There are 2 protein chains.
Amino acid sequence: MSDDVPARALQLRSLVTDQATIQVSLESVDVPVPGPDQVLIRMEAAPLNPSDLGLLFGGADLSNAAAAGTVDLPVITAPLPPAAARAARARVGKSLPVGNEGAGTVVATGSSDAAQRLLGKTVAVAGGEMYAQYRCIGAAACLVLPDGVDAIAGAASFVNPMTVLGMVETMRDEGHTALIHTAAASNLGQMLNRVCIEDEIPLVCIVRSPAQVKLLTDQGARHVLDSTAESFMDGLTAAIAETSATIAFDAVGGGLLASRILTCMEAALSAGSPFSRYGSAVHKQVYIYGSLDRSPTELTRSYGLAWGVGGWLLTPFLIKAGPARSAAMRERVARGLTTTFASSYAGRLSFVEALQPEAVAAYASMATGTKYLIIPNGGAAAGAAS
Amino acid sequence: MSDDVPARALQLRSLVTDQATIQVSLESVDVPVPGPDQVLIRMEAAPLNPSDLGLLFGGADLSNAAAAGTVDLPVITAPLPPAAARAARARVGKSLPVGNEGAGTVVATGSSDAAQRLLGKTVAVAGGEMYAQYRCIGAAACLVLPDGVDAIAGAASFVNPMTVLGMVETMRDEGHTALIHTAAASNLGQMLNRVCIEDEIPLVCIVRSPAQVKLLTDQGARHVLDSTAESFMDGLTAAIAETSATIAFDAVGGGLLASRILTCMEAALSAGSPFSRYGSAVHKQVYIYGSLDRSPTELTRSYGLAWGVGGWLLTPFLIKAGPARSAAMRERVARGLTTTFASSYAGRLSFVEALQPEAVAAYASMATGTKYLIIPNGGAAAGAAS
């Protein structure tokens with residue numbers, strides 16, 4: 001191992017205590033020595049994705065977040081509401097590393113050829129525990145970033161891009177030809193819009209403000225509906241009639257949105273058809289992949305019996321898709337990292353900055369345009385907006 | 001056509017008016033002359049299934065049902081609550097025949113061999129419009145009842161038996177090995193219990209009273225849970241842990257029951273496993289096939305992302321299963337009509353009796369033990385309990 005690699009380094013951790021509070025802190029841990037097929041990556045950038053925030057804060061009430069710890073090793077604490085505490089029972093007392101994905105430079109490798117070939121390369125990786133100054137991982141998990149793509153641009157090479165492609169592939173696998181997306185002005189939503197334009201897939205975007213309608217329309221989206229508008233249901237029904245979109249991916253989860261989508265699908269499908277007591281025979285599907293609204297999903301079931309609502313997660317999809325198809329998806333992502341699959345960030349945060357209450361309030365809001373990058377080895381200067 | 005067959009006969013009809021009321025009445029209609037491949041059946045018995053009641057009364061408020069018409073041709077009217085009126089918009093002004101299935105004697109046939117071979121036979125049929133004194137239908141739709149099975153015993157040869165077998169086949173198709181059933185003390189639920197005992201499939205029954213627990217336990221059911229008991233969730237979790245039931249068929253639909261089942265599946269699956277932020281990877285499925293509770297389905301989504309909830313209906317299942325498999329299912333039903341697939345009824349009603357408010361109150365309650373048979377050609381004497 002190179003002399004530059006320290007024996008110990010920092011890792012961001014999340015702990016639920018038996019007092020129903022969350023503690024997010026920095027722990028000094030041993031830097032691992034890579035096994036024969038492993039590499040050690042000095043992590044240079046890791047995005048704060050919504051899926052990370054769930055593990056990081058466990059549904060805590062962040063309006064009551066408090067700062068603790070020291071200047072160099074700050075700690076954020078926040079109380080868990082009863083429902084969140086119940087859901088977090090299995091993790092009480094376990095200090096969990098966080099961070100689904102990131103990118104950095106390979107600074108040490110194991111003895112295998114595959115590992116040694118990566119020495120000095122800038123690579124993107126997924127697999128958890130990425131909010132760490134050093135991450136040891138199998139060489140096979142590394143995506144070598146193409147020339148001209150640095151760790152900042154490659155930090156989000158997996159979660160959003162593969163999710164977007166997974167949605168499109170799921171749509172095709174299940175026999176649909178168009179799709180609906182909610183929270184569609186998100187980084188992921190904008191990416192999905194670019195992929196659908198490239199692949200000529202009709203996309204119906206659902207957003208929550210006129211400003212978001214404009215944002216997506218300016219990026220070439222043809223069907224963008226504001227769910228807060230009075231004409232929402234009529235507009236959505238018309239867009240479904242035009243596109244034949246019978247599958248939706250929903251990041252909101254709670255409330256009536258999924259049910260409204262199914263209602264509009266049914267209205268679009270049954271328009272002009274004779275009365276059928278069991279509703280249209282065409283299967284209508286909503287997959288919930290996020291939980292921006294944590295309240296229960298309410299289904300009015302006013303859309304016949306040919307419908308389904310379910311959870312959707314990338315990993316099981318990739319397992320089902322198999323290695324060849326997953327590899328083809330990855331290659332497409334690698335080719336488009338600075339174009340189709342580019343992410344944009346509101347700013348960059350060092351570990352210390354990420355553990356300040358004001359920063360937490362900004363990135364944990366999950367509002368459009370509040371996505372941040374963590375720079376695990378960055379000092380305070382890393383805080384400038386990108 | 002035989003001289004015994006009248007030129008006109010009665011048919012039961014349901015009409016939603018533009019005043020948001022339902023009218024159930026008897027209409028005198030022409031008795032059809034069978035085409036070459038058709039037969040004319042004098043209908044002797046037709047069950048009032050929950051699926052018929054939905055079409056018959058369209059969600060009307062039957063506590064305000066009123067009698068109208070004449071002694072010989074009574075009419076039932078009832079107001080539709082706003083949500084039911086909205087759902088029934090497509091059928092306003094259309095007088096709809098009702099009755100999914102029934103049995104009777106073939107009294108006339110078309111010219112084909114297949115049709116003529118059925119003359120004089122007692123047959124069971126499905127296909128709608130069965131609450132009629134005469135029903136003309138394709139010869140291929142007829143199930144000739146085995147010796148010793150009369151029209152009363154064969155009246156319910158399709159909907160419940162094929163639904164029960166369809167559930168078991170769906171369970172197998174989707175890779176599950178045990179199942180959960182709600183409203184499990186129903187005629188259908190008792191039948192499913194007998195099939196599961198025959199096929200050695202672990203079944204978890206959910207009912208709504210201690211009396212129903214006893215009813216099913218007396219019939220050999222091993223896992224019967226009362227959803228009104230305080231220990232329900234713990235008992236259900238234990239039963240799922242023992243049986244590995246990861247698919248449920250739910251006749252209730254509304255409220256939290258489907259979500260509770262998923263919660264207990266997840267608790268049973270994740271017991272003893274390390275914490276996983278996305279929940280257990282095993283797919284958990286609830287199919288809603290009825291709507292005893294018409295309120296919205298509420299999903300708390302506290303069971304990871306490997307779950308699905310959807311509508312389930314027999315007809316699309318049979319289409320997917322294909323003719324050979326459907327025929328094999330039908331043959332199994334025919335062999336067991338007086339045993340495994342027997343139905344029991346609270347009583348028999350002539351057309352005139354079925355249109356009395358007291359009778360409607362009894363059969364439309366859909367409570368366990370209130371299933372009735374309609375005897376389309378029966379006089380008042382047919383009213384004795386069977």
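It should be emphasised that the depicted structure is a prediction, and the values quoted were computed from it without experimental measurement.
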> Which of the residues A:Ser302, A:Gly304, A:Gly254 is involved in the greatest number of heavy-atom pairs with chain B at under 4.5 angstrom?
Replying inline: A:Gly254
> Nearest 0.5 Å, what's the CD1-CE distance between A:Ile374 and A:Met130?
Replying inline: 13.0 Å
> Under 3.5 Å, side chain of A:Tyr131 to main-chain N/O of A:Pro47, donor-acceptor pair present?
Replying inline: yes
> Does any heavy atom of chain A fall under 4.5 Å from the side chain of B:Leu256, the backbone, both, or neither of them?
Replying inline: neither
>> Using 0.5 Å steps for rounding, measure from the CZ atom of B:Arg260 to the OG1 atom of B:Thr182.
In response: 13.0 Å
>> Report which part of A:Trp312 has an atom under 4.5 Å of a heavy atom belonging to chain B: side chain, backbone, both, or neither.
In response: backbone
>> What's the separation between atom CG in B:Leu48 and atom OG in B:Ser51, rounded to the nearest 0.5 Å?
In response: 10.0 Å
>> Quick check on A:Thr315 against chain B: is it the side chain, the backbone, both or neither that has a heavy atom closer than 4.5 Å?
In response: neither
>> Quick check on A:Ser259 against chain B: is it the side chain, the backbone, both or neither that has a heavy atom closer than 4.5 Å?
In response: neither
> With respect to chain B, which residue among A:Ile319, A:Thr300, A:Val309 yields the maximal number of heavy-atom pairs within a distance under 4.5 Å?
Replying inline: A:Val309
> Looking at CZ of A:Arg13 and CG of A:Leu56, how far apart are the two atoms once the value is rounded to the nearest 0.5 Å?
Replying inline: 13.0 Å
> Do you know which of A:Gly54, A:Gly253, A:Ser295, A:Gly58 has the most heavy-atom pairs with chain B at a distance under 4.5 angstrom?
Replying inline: A:Gly253
>> For the CZ atom of B:Arg301 and the CD1 atom of A:Ile288, what is their distance to the nearest 0.5 Å?
In response: 5.5 Å
